[in-house]
Amino acid sequence: MQEVMPATGVFSLLWLLIALPLAGAAILLFSGRKTNKWGPYLGVFTVFVDAVIAIWMLIAMMGNGSEQRTFSQNEFSWMFAGNFKVDMAFQLDQLSMVFVLLITIVGTLIHVYSLGYMSHDPDKRKFFGYLNLFVAAMLLLVLANNYLLLYVGWEGVGLASFLLISFWQIKPTAAAAGKKAFIINRVGDVGLSLAIMVMFVTFGSVGFDEVFGSTGQASEGTLTAIGLLLLLAACGKSAQFPLQAWLLDAMEGPTPVSALIHAATMVTAGVYLITRSNPIFDAATWAATAVVVIGVITMFMGAIIGSAKDDIKKSLAGSTMSQIGYMVLAAGLGPIGYVFAIFHLLTHGVFKAGLFLGAGSVMHGMNDNVNMRRYGALRTAMIVTYATFIIGTLSIMGIPPFSGFWSKDSIIHAAFESNTLVGILTIIAAAITGFYMTRMAAMTFFGKARWEDGVHPHESPKVMTIPLIILAVGSTFMGMALLFWGNIETWLEPVVGIKKEEIGIPDWLLMTITLVLVLAGAAYGWIQYARREVPIVAPRGNWLTRAAREDLYGDAVNNTLVVQPSFWLSRFLVWFDGSWIDGFVNGSAAFFGGLSARLRPYQSGFIRSYALSMVGGAVLVVLALVLVRLS
Amino acid sequence: MNPSNYVILSALLFGIGALGVLVRRNAIVVFMSVELMLNAANLAFVAFARMNGNLDGQVVAFFVMVVAAAEVVVGLAIIVQIFRSRRSASIDEPNLLKY
Amino acid sequence: MNSFPWLTVLGLVPLGGSVVVALLPKSKPLLAKQVAFAISLVVLALVVVVALKFDGSSNSPYQFVEIHDWIPSFGVTYSLGVDGIGLVLIALSAVLIPVTILAGWNDVEQPQAESVGSVKGYFALILVLETMMIGVFAATDVFLFYVFFEAMLIPVYFMIGRYGGAQRSYAAMKFLIYSLVGGLFMLAAMIGLYIVTGTFNWFAILSGADIDPTTQKFLFLGFFLAFAIKAPMWPFHTWLPDAAAASKPGTAVLLIGVLDKVGTFGMIRYCLPIFPAASDFYAPVIIVLAVVGIFYGAFVALGQNDLKRLFAYSSMSHFGFIILGIFVFTSIGISGATIYMVAHGLSTAALFLTAGYLMQRRDGSSLLSDYSGVNKPAPVLAGFFLFAALSSLALPGLVSFVGEFMVLLGTFQRYIWVGGIATLGIVITAAYVLRVYQKSMTGAVGSGLEHIKDLTGREITALVPIAALTIFLGLYPAPVLNVVNPAVDTVMTLVGATNPEPTVGISSTTSQGAQQ
Amino acid sequence: MNAVASVIHAVDATPWVMPTLDYRLLAPVLIVLGAGVVSVLFEAFLPRGARRPAQLSLVFVSLIAALIAVINLNGVRETAGQGALAIDGPGLILQGTVVVIAILGALLMAERGLDPNGDAFAARASSLPGSEDERQFTARGYFQTEIWTFFLFAVGGMMLFPIANDLLMMFVALEVMSLPLYLLAGMARRRRLLSQEAALKYFVLGAFASAFFLYGAALLYGFSGSISFAGIASSLGSKTGETALILIAIGLVVAGLLFKIGAAPFHQWAPDVYQGAPTPLTGFMAAAVKIAAFGALLRLLYVALGGMRWDWAPMLWVISILTMFIGAILALTQSDMKRMIAYSSIAQAGFILLGVVAASAAGLAGSIFYLIAYAFTTIGVFAVISMVRDENGEATHLSKWAGLGRKSPFIATLFTIFMLALTGIPLTSGFIGKFYVFTAAYASGDKWLVIAAVLASLIAAFFYMRVVVLMFFTEPTQETATVAIPSVFTTVALAASATVTVLLGIFPQPLLDLINNAGVFIR
Amino acid sequence: MNSVNTGEAIVFWVCAVLAVLGAVGLITSRKAVHSALWMALTMISLAVLYIANNAPFLGMVQVIVYTGAVMMLFLFVLMVVGVDSSDSLIETIKGQRFLALLLGLLLIVILVWGLGSSLAGLPAVGLDGANRVDGGNVQSIAHLIFTDYLVVFEVTSALLITAAMGAMVLAHREHWQPKPTQAQLSVARFKGDEHPGNRPNPGIYARHNAVDTPALLPDGTPTDASIPGALRARGEVAPVDINDGRAIEEADSL
């Protein structure tokens with residue numbers, strides 16, 4: 001167990017990490033048009049300051065021994081009743097630290113990039129407000145010291161995601177995509193809620209320390225339940241099967257959003273959750289296995305979808321799914337894989353952000369056209385973008401020495417350590433990665449220009465390219481830096497533990513096989529899309545392509561199984577409410593009205609009828625008396 | 001024979017009077033039927049007075065006669081008034097107030 | 001200082017104010033509004049004072065107690081006092097009234113053919129209603145409670161019937177009759193209670209002998225029916241959509257935001273402590289109905305095209321949560337339900353007021369299909385609408401989340417499966433709330449909406465306190481929990497329920513120790 | 001034979017003892033009946049112009065004197081008039097209420113400010129409707145002032161009815177009360193055919209009911225050998241046989257009284273009579289007759305037949321439920337205000353019967369409270385009805401009340417208060433009344449009766465509130481009536497009834513104390 | 001007199017039959033006058049039965065008050081209303097007759113059964129004792145009326161005043177102007193335009209003496225003055241051929 005240190009020194013600023021962007025968001029969102037001018041800069045500034053603080057904290061943390069790197073700050077009691085008590089408390093440990101760094105640094109870059117990308121948007125101020133809100137929520141997610149507070153960040157990033165996806169909400173598709181993202185995420189949130197509840201019922205607390213501290217006493221069934229529920233949560237946030245359908249639609253949002261939220265940070269929250277909950281998964285093998293299965297499935301789904309999409313962002317989104325699938329399966333492997341899941345998460349955060357921003361840069365130059373079939377030969381028109389994008393591509397494909405190579409190779413290795421089949425599957429997926437990334441790069445930058453009329457591709461302004469360059473540098477060196485200089489394995493070990501197993505084949509062989517397969521895939525992509533003419537209208541393709549273009553029928557399945565039945569039920573209940581429940585109410589009113597109308601004729605106005613009823617009454621009264629006496 | 005036969009007779013007369021109220025349409029006849037009922041009650045009072053051995057019943061009967069006389073006067077006045085307005089003594093005729 | 005009759009004064013101020021407002025000349029509607037608003041602020045200030053003087057850590061759960069004989073023949077006392085729950089709900093009313101007045105500043109003024117009442121009348125009625133609401137939450141005599149409970153109907157009846165929309169007569173009547181159904185059965189049960197206990201005074205009833213279970217079951221039904229209708233619980237809910245649809249937004253806010261809380265408040269205050277055995281006996285049925293209500297309301301809301309009806313059904317769904325929280329008999333559940341009441345009051349206010357602003361900009365149409373793309377011409381309005389929507393779907397960080405989660409947790413603690421199923425409700429909630437937002441606020445600007453004005457300063461001013469409270473209490477609910485929890489503990493003791501202990505490891509004491 | 005023999009039996013004649021009459025105890029009744037006689041003299045000897053002021057002064061002075069006389073008897077608990085009258089707490093309260101209601105009723109009847117042509121009574125009841133005679137009498141203002149004689153006699157009868165302590169007194173009081181009312185009911189100035197019809201119906205059915213009462217009384221006498229309630233009560237304890245006789249006797253006597261209170265199925269006269277009779281009289285009648293008749297019913301059942309409680313309670317149970325529901329349900333579809341209130345009064349009678357069924361001290365007190373509350377409210381209701389007019393006089397059709405709240409908010413508000421009281425909404429007298437009788441019934445174990453009453457209240461609420469809907473939630477139209485400005489008479493009556501209605505709702509304790517201290521009937 | 005001797009039994013049976021007969025006649029006669037007469041029969045029978053029951057005073061009062069006063073009042077009103085008025089035998093209210101018979105008979109059955117079962121075999125105390133106290137039936141009743149029932153007795157006066165006054169108010173037509181005296185009437189008669197003398201009788205000098213045929217003035221011209229106003233108003237005046245009279249004269253002269 002790690003020792004929990006009080007948050008002193010720079011760590012006393014923990015709350016500020018969250019509060020700064022939150023304040024930024026509040027100012028930007030509530031201040032009105034007055035702040036239009038300087039608002040975006042404020043947005044950048046807050047995140048930048050966060051990044052500075054984060055780096056400062058990192059330095060401070062490295063000054064401590066590896067067992068004294070957990071800092072906790074308790075602000076106040078948040079919810080409490082009976083034996084339930086949750087604090088507004090933050091905790092920074094090594095795992096959080098890397099996330100804080102990722103979020104603040106990549107966040108800063110993307111904020112800067114957005115200054116250019118969104119420069120013409122009238123609602124720019126709001127955009128930065130949302131971005132700041134996102135950063136704040138994401139930081140809360142990773143800094144929370146208990147699951148419930150984590151949940152706040154968890155939904156907070158979902159909210160920011162919703163807001164940013166539907167940022168251009170005048171487009172119905174964007175609005176719909178935002179809603180869809182939120183609702184599907186909510187399904188995952190149900191999982192998280194329930195997991196928290198099970199934890200509370202089991203352990204009497206939802207704090208990380210308390211839960212993990214007594215994991216050993218809980219039954220495996222309970223832990224499996226918690227694990228599966230957490231997995232459900234992770235599926236929602238990280239777009240894992242079967243809750244993957246929202247991510248592709250989420251590309252309706254502005255590209256920086258896709259980069260920050262739907263590639264680098266938010267979607268990896270699921271991985272964070274699983275990794276953070278490692279004591280639970282370690283004790284619940286079935287849940288861990290499920291995590292692996294989900295990861296594998298999503299890894300392939302994402303890859304296949306990414307291979308078929310002509311929309312550059314959606315293709316990248318498919319790739320994101322696939323890469324997160326890697327991370328998830330790695331996390332599912334247990335102590336063997338946690339570190340590498342996080343490792344890959346970090347490298348992926350950087351190179352995928354770069355790729356997305358690159359794609360954004362391309363779109364910027366192509367009048368926001370996202371169809372790669374109308375790209376081609378852009379390498380000359382936008383050289384910086386081209387260069388950084390290619391670096392990113394190489395990185396994600398796992399070509400040495402780019403960052404992706406190190407992290408992905410670690411995962412493949414870990415997979416083999418755990419289970420040969422999973423290992424083989426990861427290699428195959430890597431090959432597909434090679435294919436679709438090459439396809440993307442080829443369609444965009446190589447081949448003939450297939451531009452639409454009136455499009456004049458041009459390089460993006462500095463404010464956009466500089467972040468690209470920085471991210472490209474990161475894509476290149478970060479893997480090595482983290483692995484060798486940063487020593488990520490030992491860094492994270494106190495939190496997640498680490499375990500090494502021997503595998504049957506030597507490392508170099510595995511690496512080679514992987515590389516060969518990736519290159520084969522890349523070659524196939526090159527041949528298909530750089531050498532050959534790319535038709536402007538997509539050919540029909542085989543069944544897999546068609547299915548992939550339909551997101552592997554994810555929406556169709558959701559519609560058939562969930563959405564449509566819901567609407568039918570809703571319509572039925574509306575009818576039922578009006579006709580039956582309200583019908584009963586109004587019916588009983590009508591009944592008495594009708595009864596009244598039916599009885600009125602007996603008040604006939606004839607004295608003799610009245611006398612008759614009086615005689616009847618007298619008889620009734622007498623009979624009643626007699627009957628009572630008799631009974 | 002038993003004195004209670006008087007009571008039985010009064011019951012019979014009472015019932016017949018009630019029946020008369022129900023079936024007759026001439027207001028005056030209806031009213032006569034009511035008087036018959038009062039008389040039946042009187043007979044009962046008288047008979048019970050004898051059976052109980054006190055005179056309260058007879059006193060009551062006496063007062064009932066007074067009351068009945070007053071009632072007759074009022075009743076007939078009302079009937080005459082109605083007759084003047086409507087030229088009819090039918091009890092079914094005044095039938096504007098109903099439902 | 002406690003001898004000062006704070007609660008009486010609190011109740012009398014709005015009552016006197018309403019008389020003043022009613023006596024103002026008809027020709028000066030503005031003055032009437034200003035006076036009404038000022039009085040509501042005075043009440044709010046008084047409530048703040050009372051809240052500050054309230055001692056959350058005190059041993060006596062009821063404070064500011066005043067007891068005077070009222071109708072000694074019936075054992076009826078004029079007895080007031082607040083516990084945390086009552087205090088919180090009084091505060092909620094005191095906050096919502098000025099907000100409603102401000103938001104509804106011009107609601108009854110427009111030359112609308114449908115409305116038949118005078119401007120000052122509306123505001124006078126609001127103030128009367130405030131008195132009744134304070135009374136109902138502060139009464140510590142069952143009879144007194146009932147008096148306020150029933151008398152409260154009348155101002156609302158007039159507010160719906162005189163100032164409402166097309167179906168107002170029908171809706172007002174339906175509201176009244178429905179309420180009377182509950183009220184009269186409660187009267188019968190109350191009488192039964194009196195027969196059994198010989199008193200109406202709350203403290204005396206509690207200290208009195210236990211009622212035998214059979215009687216409890218009988219009497220409980222009377223009380224519960226009244227509260228279930230008021231709440232409204234499925235299937236006693238159909239008055240609410242009609243009432244909400246026919247009333248002015250302000251009326252709807254007070255109706256759903258505060259008035260309906262009387263139902264759930266009554267369950268906590270009266271059903272549970274007085275009839276513990278019956279509560280226990282009926283709890284399964286009620287829980288099932290509550291869960292049905294959660295989903296039923298949500299699904300019907302999903303299919304509604306009328307904004308006000310939709311919100312009414314959503315409220316019904318929310319009330320399902322509240323009732324659920326109450327009847328699981330856990331501290332978390334009941335505390336959560338109380339927070340949920342506050343949260344729901346705020347979110348309903350936000351929803352109805354923004355929807356009201358919106359509708360006012362389009363001739364009062366409440367049809368969802370009449371709106372689209374409002375975000376473009378009126379971003380502030382859309383923003384508040386979104387905020388209200390998020391508050392309604394219990395976004396973490398907002399006070400509604402605190403309530404909802406605690407309710408669900410409390411439920412889960414007691415009945416795992418019920419809690420699990422109820423949790424699914426949050427998905428549907430998100431679905432219908434966002435559907436409304438998507439349809440009305442996003443997309444292409446609907447015809448006729450291109451030039452609508454964004455919110456004015458007054459309108460924003462009305463919403464800001466709600467939003468601020470929603471966020472503040474979402475992040476820092478302690479002020480509410482501090483006063484509510486002792487009251488809930490009292491209820492738990494009275495109902496004889498204990499909180500389930502965690503299945504393993506840390507007992508409650510050590511967990512607290514660990515977190516300190 | 002015997003008959004002849006008995007006549008000449010002047011053998012052992014005993015000297016007569018002069019009956020003792022405590023005039024203090026009889027004072028209230030004597031004042032009112034005496035005033036009635038004086039009123040006859042006024043009619044005979046005063047010039048036409050002087051009659052009305054004289055009669056009005058007489059009426060008010062005598063009623064106030066009677067009220068003082070009643071108050072003077074506070075705490076008295078004994079029989080008077082050789083046992084014919086029972087002067088006890090409940091009786092005095094009922095008597096006092098009758099007097100107060102009579103004062104209010106007299107105020108309504110004296111009103112001449114609402115209609116330029118005079119009060120609500122026909123100038124000449126004997127003139128033909130629509131005849132030249134009628135026109136001339138009206139135009140010349142030759143109003144009948146005999147109504148005040150009748151009124152005083154009726155009040156006298158009502159004051160006797162609840163304190164009658166033997167069957168004969170009760171019967172005579174019933175007739176003294178009823179005969180003038182039969183006459184007055186037929187004397188409306190407008191819609192005279194309806195009024196005469198009302199009188200005929202009231203009279204014929206009333207006489208019919210009296211006959212039932214009387215026959216039942218005969219059988220009771222036959223059973224017990226006594227007509228005094230005390231004698232009957234003691235015979236119930238001592239006699240065991242003759243069950244059928246006593247049951248039939250109870251049935252018939254009670255049926256006769258149920259007629260007067262308008263309980264179903266003896267209720268059918270009420271709507272017709274209420275609608276046809278002159279409105280001020282309807283108000284007075286609806287309020288005061290109910291008090292008197294319930295008083296009598298209570299005394300008969302509690303004092304004379306208390307021992308048969310287990311026999312008559314279930315029967316009244318049925319009657320009560322029947323009455324509540326028939327009244328409430330039939331009122332739902334009425335379109336005439338007076339008629340609707342008539343049905344409402346039937347329903348209210350059903351509620352009061354709850355207190356009777358309870359057969360306990362609480363039941364008695366509850367019934368009395370309810371009666372008082374109901375009476376004041378009813379007077380107020382009819383005061384308002386008499387004020388709402390169009391060019392044809394009183395506008396009793398409901399459609400004419402649409403939008404009245406807009407045209408005359410104050411009067412509409414008062415009427416709303418009355419409707420709320422009749423509904424039984426808290427803070428009005430009606431609520432406390434309902435509460436009290438329900439409590440009494442519940443305490444006596446009639447739980448399900450209370451539930452039934454609750455249901456009936458619910459149905460009743462619907463039509464009461466419909467009036468509010470009509471007045472306040474509807475726009476005025478061309479048809480809408482106007483509220484005539486009344487003179488001081490109606491104003492005072494209205495103010496008094498509204499004040500009492502609200503005060504009893506908020507501070508009922510003084511009256512409750514009064515009623516509870518009054519105790520139970522003397523036996 | 002604890003039991004009924006034979007003589008009384010005979011009286012009872014005769015009078016009972018007559019009383020019931022009268023009652024049945026009362027409710028079955030079509031003509032109201034007949035009903036009244038039937039009722040008188042019942043009344044008198046009852047009077048006899050009262051006497052047979054040791055109530056001679058009541059018997060007499062019955063004859064005087066009922067058969068004398070009340071029945072006369074009835075008959076008097078019957079004359080006012082129209083002595084010929086008779087009920088049609090067709091029942092107009094649906095179900096009334098059936099239900100009336102049903103309930104009426106049920107009532108009778110209940111009463112007769114109930115009373116019969118309760119009273120059968122019950123000994124009668126008899127009034128000898130009671131009557132003897134004050135030396136006779138009349139005295140005893142008087143004693144009671146003026147002691148125990150004094151208040152009732154006094155109150156009854158209110159009833160009688162009410163009745164008298166009610167009858168007056170409802171039936172007495174007061175005049176709104178003083179009644180003209182004979183002198184005033186004759187002055188008015190001669191001042192008016194109308195012919196002060198008798199009007200011609202119908203049909204004088206006309207061929208017909210039917211009322212609708214105008215009389216002929218001495219000069220042979222017809223005059224409407226002989227025709228009742230009602231007929232004139234209805235226009236039912238028979239045409240008169242003036243020449244008719246002449247023709248007759250001529251014929252006579254021939």
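No salt bridge links D:R189 with D:E134; every basic N to acidic carboxylate O contact stays at or beyond 4.0 Å.
Heavy atoms of D:L219 lying under 4.5 Å from chain E belong exclusively to its side chain. Looking at D:E146, both its backbone and its side chain come within 4.5 Å of chain E, counting heavy atoms on both sides. Of the two parts of D:L179, the backbone and the side chain both hold a non-hydrogen atom closer than 4.5 Å to a non-hydrogen atom of chain E. Residue contact with chain E, scored on non-hydrogen atoms closer than 4.5 Å, is absent for D:R135. Contact annotation for E:L150: only side-chain heavy atoms (C-beta onward) come within less than 4.5 Å of a heavy atom of chain D. Heavy atoms of D:I248 lying under 4.5 Å from chain E belong exclusively to its side chain. Contacts between D:L152 and chain E at a heavy-atom distance below 4.5 Å are absent for every atom of the residue. For D:L252, the part lying under 4.5 angstrom from a heavy atom of chain E is the side chain only. Using a 4.5 Å cut-off between heavy atoms, E:A171 touches chain D through its backbone atoms (N, CA, C, O) alone. For a residue to count as touching a neighbouring chain, one of its non-hydrogen atoms must lie under 4.5 Å from one of that chain's; by this rule E:Y50 does not touch chain D. Neither the backbone nor the side chain of E:I141 has a heavy atom closer than 4.5 Å to any heavy atom of chain D. Of the two parts of D:L184, neither the backbone nor the side chain holds a non-hydrogen atom closer than 4.5 Å to a non-hydrogen atom of chain E. When heavy atoms are compared at a cutoff of 4.5 Å, E:T162 approaches chain D by way of both its backbone and its side chain. With a threshold of 4.5 angstrom between heavy atoms, D:L247 does not approach chain E through any atom at all.
Checking D:E175 against D:S178 by side-chain atom types alone, no donor-acceptor pair falls below 3.5 Å. With 3.5 Å as the limit, one finds a donor-acceptor pair spanning the side chains of D:Q55 and D:E43. The closest side-chain donor-acceptor pair between D:S226 and D:S224, if any, does not fall under 3.5 angstrom.
Scanning for side-chain contact (heavy atoms from CB on, under 4.5 Å) contacts around E:S140 gives B:L55, E:N131, E:D134, with sequence neighbours left out.
Interface remark: of the candidates D:L30, D:I147, D:I227, D:I227 forms the most heavy-atom pairs closer than 4.5 Å to chain E.
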- Message: Applying side chain to side chain donor-acceptor pair (under 3.5 Å) to E:T181 and E:Q184, what does each step give before you reach the verdict?
- Response: CA-CA 5 Å; E:T181 60; E:Q184 285 170 324; 3.2 Å; yes
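The side chain to side chain donor-acceptor pair (under 3.5 Å) pairs that include a residue from residues 149-163 of chain D are D:S39-D:T149, where partners are two or more places apart or lie in different chains.
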